[in-house]
Amino acid sequence: MSENSKIEWTDHTFNPWEGCQKVGPGCDHCYAETRNARFGGGVAVNWGPGAPRRRTSPANWRKPLAWNANHDAFFGEHGRRQRVFCASLADVFDNAVDPAWRADLFHLIEQTPNLDWLLLTKRIGNADRMIREARISLVGSTRLVVPEVLPNVWLGATIVNQAEADRDIPKLLAVPAHVRFLSMEPLLGPVDLGVIDIDGHSEIYPLKGTAGCEDVEGNAAPDLPAIDWVIVGGESGPGARPMSPDWARSLRDQCRRAGVPFLLKQWGEFVPYEHDAQPPFLTSQHGDFFDGHGLPDFESGESCGDWHRDETCRLLARRVGKKAAGRLLDGVQHDGFPGEAA
Ligand code: SF4
């Protein structure tokens, strides 16, 4: 699927700079921080408050121009535009980044109209202001108040649990954007995308939009669009936490009912019990098992060795590694994309 990236939903990965700071539970096992430390002699020199961010080389910044120029050949082979995931080793809307770098990035995005830029952030609350600032800087005029929507930007928010969904989805939907998407990876709990109460009076419906809706007092609700795409994935790497198949199934079904494209990126390190090629022999629906594999007893919500139980003590998943765990859900590979049938 990918030209220059191992990530399932993109063709290229471009990092305009490197470095960041952890902002939530989805950052607990940040791959990029570990990588930064590996190249920094054991210290993540570009991570945390006060740490300098490192701008990548001019040669790296020229790559998107080459991808853009290759549009006809790519389109001829794949029948679609190229996707660029921007900032796998950073966050585009990080407060600690020099605003001039971000202005340069948006200039590059405008110079590459044949590419769809996927800007995925854990700081969606900064996005509207920083996009305006970058584009104001670009045109050199403070009179530009409302940013023109860039047709080749897909704006995404990382959501790992219900609290983040309630807090950040209204912010995502309020930013002018051509495509808005959720990356729910690592998914750490069940998430209901059906309705979000934003102020005790008004509700929004992330998968349906709110055009024409009323609040509890009969007043017009905020007019917000719907989410265009949902990506779900489990965690990989050291310290990975298992993703319950129930959480993934629920999101698949919510998206299907709403007609929103759904993509299951990966299970991560753990394969769900139901998909395990070598499951232990369960003797009851509550997870009591015949100890034919020498499994020790352990508590609900805990891991033991390669095994993990969910909160109801049901045997949930086994650590087999990302590649072996794969990306099938109930035997189906879900590869929905915006503009395609869900
Ligand atoms: S926002 Fe992304 S890059 Fe930054 S610390 Fe969190 S996971 Fe790592």
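Note that ligands are numbered from 1 as they come in the structure, with each ligand's atoms numbered from 1 the same way. Computed over heavy atoms, backbone and side chain alike; hydrogens, waters and symmetry mates excluded.
- Taking distances strictly below 2.8 Å, the protein N/O/S atoms close to atom 8 (Fe) of ligand 1 are C30 SG.
- Residues satisfying the salt bridge (charged side-chain N to carboxylate O under 4.0 Å, His left out) test with R241, not counting sequence neighbours, are D28, E235.
- Atoms of ligand 1 found under 4.0 Å from any heavy atom of R123, numbered from 1 in the order shown, are 1 (S).
- The protein heavy atom nearest to atom 5 (S) of ligand 1 is W47 NE1, 3.5 Å.
- For the side chain to side chain donor-acceptor pair (under 3.5 Å) test, no residue two or more places apart in sequence or in another chain qualifies with S236.
- Applying the ring-ring contact (aromatic ring centres under 6.0 Å, His included) test to W154 and every residue at least two apart in sequence or in another chain returns W229.
- For an aromatic pair to be called close, the ring centres must be under 6.0 Å apart, and F85 with W117 fails this.
- R53 has no carboxylate O lying under 4.0 Å from a charged side-chain N of D91, or vice versa, which leaves the two without a salt bridge.
- Near Q21, meaning under 4.0 Å from any of its heavy atoms, are these atoms of ligand 1: 5 (S).
- Classified by interplanar angle (parallel below 30°, tilted 30° to 60°, perpendicular above 60°), the ring pair F106/F93 is tilted.
- Taking 4.0 Å as the cut-off between side-chain N and carboxylate O, R327 and D335 count as a salt-bridged pair.
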